[in-house]
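To keep things clear, I will list the structure first and then write my remarks on it.
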Amino acid sequence: MTGLRRLHLSTVLLWLLAVVWSYPVVWTLLNAFRNSADIYRAPWDLSWPPVVGNIGEAWTRGQLGVALANSAYVTAMTVTVVLFLAIAGAYSLTRLRPPHRALLFMLVLAPLIIPTEVLIVPVFSMFRTVGLINSLPGLALFNVVANVSFATVILTGYFRTIPQDLIDAARVDGAGRVEVLLRIVVPLARPGIVAVAVLVAVFTWNDFGGSLVLIQKPDAFTVQLALSRFSTFYATDQGLTFAGMAIAILPPLLLFLVLQRSFIQGLTTGAIRR
Amino acid sequence: MVESRTRLAFLRRSRREGAIDLLFFLPLLLLLAAFLFYPLVYGIVLSLHDTQGFDLTDFVGLDHYAHAIFGDAVFHRSMVNTLLFTVAAVVLQTGLGLFLAVVLADARRGRTLLQIAFFAPFVLASVAVGTVWKFLYAPYFGIFASVGSALGFDTLAVAPLADTDTALWAVMAAFLWRFAGFNTVVYLAAIRALPREYYDYAVLEGGNRFQQFARITWPLLWPQTFPLVLLTTLGTLRIFDMVWVMTAGGPSHATETVATDVYVTAFRFLQVGYAQAMAMILLVLILLLAIVEYRVLGRRAAMVSS
């Protein structure tokens, strides 16, 4: 009897905590549809009817349209290049036999403990010399470097689960390396590749440090950069700021909600299985 | 003679095969060499020089390092803050993450939904999280101010981010909110994979819930705790985004971290060589902590795994 009641209580507390935890996200999304006066007057209640104007204004006055396009472009480019490099690299490390394989693996792991923040000054200096400042491909390149190591490590985990017999059999039948990669490895590791693609996309979309340093021209602003200007330029217009934030957080949030299983699986296997 | 010649031919062939195998790794290797290992070397060079803008001028040896370590109060502050923040993040994220995972593992219904609720902040951008929490902390209309005063506390004018005593912890709370769910998700997956029989046996022996946790769950989770602690350490020592958005290091360096200090010194004050010396000190700290954690925790994790 007491046990039952205790279980009941802990469940209620857990759900209560979950509601509190979700509150900032829900609040952000709801405030996108309220005007500033209402947000100031009563931070947490709902206003009806919703104010749709914020969204349109964030789009035009905050130049979010351009920023969204820039972010989408950088993200797409980063994901494509990371997948290409990481798939080929992980394939070589797990299913082929390059010389000094252990050393190569170490080289892939090393960047995991060298954060981009530590190298931002020399990278900026390099990018300036070769003219990659204010360049979206340059920003993509920066994000590729930041993401390619963990992507490769996660993929090696997935590639190792593919039975070697299958690959040997194909090789005996005369299939080349590229054929084995495209016909066997990639299809069998598809869940892992999807997980990596989603993770890299979210991390790139959310990147702030890189674009803060490498992008200075407003017409090359990413969403995060535009957003960081919002709260200073439109400090008095909370509705507008919240609308901008809602727009910026929705793509990764939706991607996560739709692909939640593969997202979490990619993270747990990647982070833990070594 | 004949045998050795075929052996030689085989060796040569396999070397060629190896070279082709390497070809698949080459693009990745070239990229890392050009944009990671080269900047690392150039960063060391930079840290040993005075600079004019971003160009090297005089070689100064270890002067920048000496100044940072012995003569720069702001850097000392940022170092202490970064370490404090990292220790707090490791303890709180691991603790809260594990607690939520243990409770979630027992949830009868809606586990997926609960998991989504706790994990969702992880996918939100630091700029958005920082800005939202800035609003939550705002005096007069922020949630903490108004809920506190509704409950009868004198909190209406309280501004946690503007107070040097509380600012660091206020940023910490937002950081915890964003990342604890990650640890929860990893722990939850591991707990669900633990053999049920251990717990059945513990119940037979009369062990209570706390004993079950202390004797079974916690020790068996070492293979997760080690990488989570390492990831949290690596992710927190570099902290820049959230701090920059919420406080930009202020008020009066109360939330200054090494990364924000480096950024301001390099890109606002243009003391590029000096900034890079601070960045290199941070890198050394990161390497040291990673090695210590590997030595201390990695061994335990390996013992459980085998």
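Below, chains carry the letters A, B, ... as their sequence lines are ordered, and counting in each starts from 1.
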_Taking atom CD as the centre, does B/Q52 end up with more than 12 heavy-atom neighbours from other residues, nucleotides or ligands that are less than 6.0 angstrom away?_
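No - once you tally the heavy atoms of other residues, nucleotides and ligands closer than 6.0 Å, there are 12 at most.
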*asked:* With a 6.0 Å cut-off (strictly less than), is the heavy-atom count around CZ of B/R111, excluding the residue itself, greater than 12?
replied: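 Enclosed.
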Tell me, out of [options], who's got the most heavy-atom pairs with chain A below 4.5 Å.
options	answer
B/Y42, B/F267, B/F240	B/F267
B/L100, B/L124, B/V272, B/L104	B/L124
B/V185, B/L114, B/L234	B/L114
B/L136, B/V262, B/I239	B/L136

So for [X], is it side chain, backbone, both, or neither that comes closer than 4.5 Å to the heavy atoms of chain B?
X	result
A/V19	neither
A/L250	neither
A/V121	both
A/F208	both
A/F203	side chain
A/A248	neither
A/R101	neither
A/I87	neither
A/Q224	both

Atom group of [X] that falls short of 4.5 Å from chain A, counting heavy atoms:
X	result
B/A33	neither
B/T112	side chain
B/L188	neither
B/L32	side chain
B/A120	both
B/A128	both

If you count heavy-atom pairs under 4.5 Å between each of [options] and chain B, which one has the most?
options	value
A/S149, A/P122, A/A18	A/P122
A/L93, A/T152, A/L199, A/L212	A/L212
A/M245, A/R177, A/R261, A/Q260	A/R177
A/A90, A/P251, A/G89	A/G89
A/V81, A/L141, A/T129	A/L141
A/R97, A/R95, A/H100	A/R97

*Does the side chain of A/F127 come within less than 4.5 Å of A/V123's, by heavy atoms?*
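A/V123 vs A/F127: side chains touch.
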*Min side-chain heavy-atom separation B/W133-B/M242 under 4.5 Å*: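 No. Closest side-chain heavy atoms not under 4.5 Å.
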*Might you point out which heavy atoms bring A/P24 and A/V20 nearest each other, and give the distance in Å?*
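Nearest heavy atoms, A/P24 then A/V20: CD-O, 3.5 Å.
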*Any idea which heavy atoms bring B/F226 and B/G298 closest together, and the distance?*
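Closest heavy-atom pair between B/F226 and B/G298: CD1-N, 3.6 Å.
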Which pairs would a plain distance check flag for residues 278-291 of chain B, meaning a side-chain donor or acceptor within less than 3.5 Å of a matching protein atom at least two apart in sequence or in another chain?
none

_Presence of salt bridge, B/R209 and B/D106, under 4.0 angstrom_ =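 The answer is yes: the pair qualifies as a salt bridge.
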_Between B/D21 and B/R16, does any side-chain N to carboxylate O distance fall below 4.0 Å?_
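So B/D21 does not pair with B/R16 through a salt bridge.
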*What orientation do B/F135 and A/F242 show, parallel under 30°, tilted 30 to 60°, or perpendicular over 60°?*
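Tilted, since the angle between the ring planes falls between 30° and 60°.
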*Regarding A/T78 and A/N143, is there a side-chain donor-to-acceptor distance under 3.5 Å anywhere?*
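No, no side-chain donor-acceptor pair sits under 3.5 Å.
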*Going by atom types only, do B/T51 and B/Y274 share a side-chain donor-acceptor pair under 3.5 Å?*
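No pair is found: no donor N or O on one side chain lies under 3.5 Å from an acceptor on the other.
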*For B/F119 and B/F122, run ring pair (Phe, Tyr, Trp, His ring centres under 6.0 Å): C-alpha distance rounded to whole Å, both residues' side-chain angles, the deciding distance at 0.1 Å, then the answer.*
CA-CA 6 Å; B/F119 185 74; B/F122 182 83; 5.1 Å; yes
*ring pair (Phe, Tyr, Trp, His ring centres under 6.0 Å) evaluation trace for B/F35 with A/F142*: CA-CA 8 Å; B/F35 295 103; A/F142 174 85; over 10 Å; no
Result block: side-chain N/O donor-acceptor pairs under 3.5 angstrom for residues 108-117 of chain A, not counting sequence neighbours:
{"residue": "A/T116", "atom": "OG1", "partner": "B/R238", "partner atom": "NH2", "Å": "3.2"}
{"residue": "A/E117", "atom": "OE1", "partner": "B/R238", "partner atom": "NE", "Å": "2.8"}
{"residue": "A/E117", "atom": "OE1", "partner": "B/R238", "partner atom": "NH2", "Å": "3.0"}

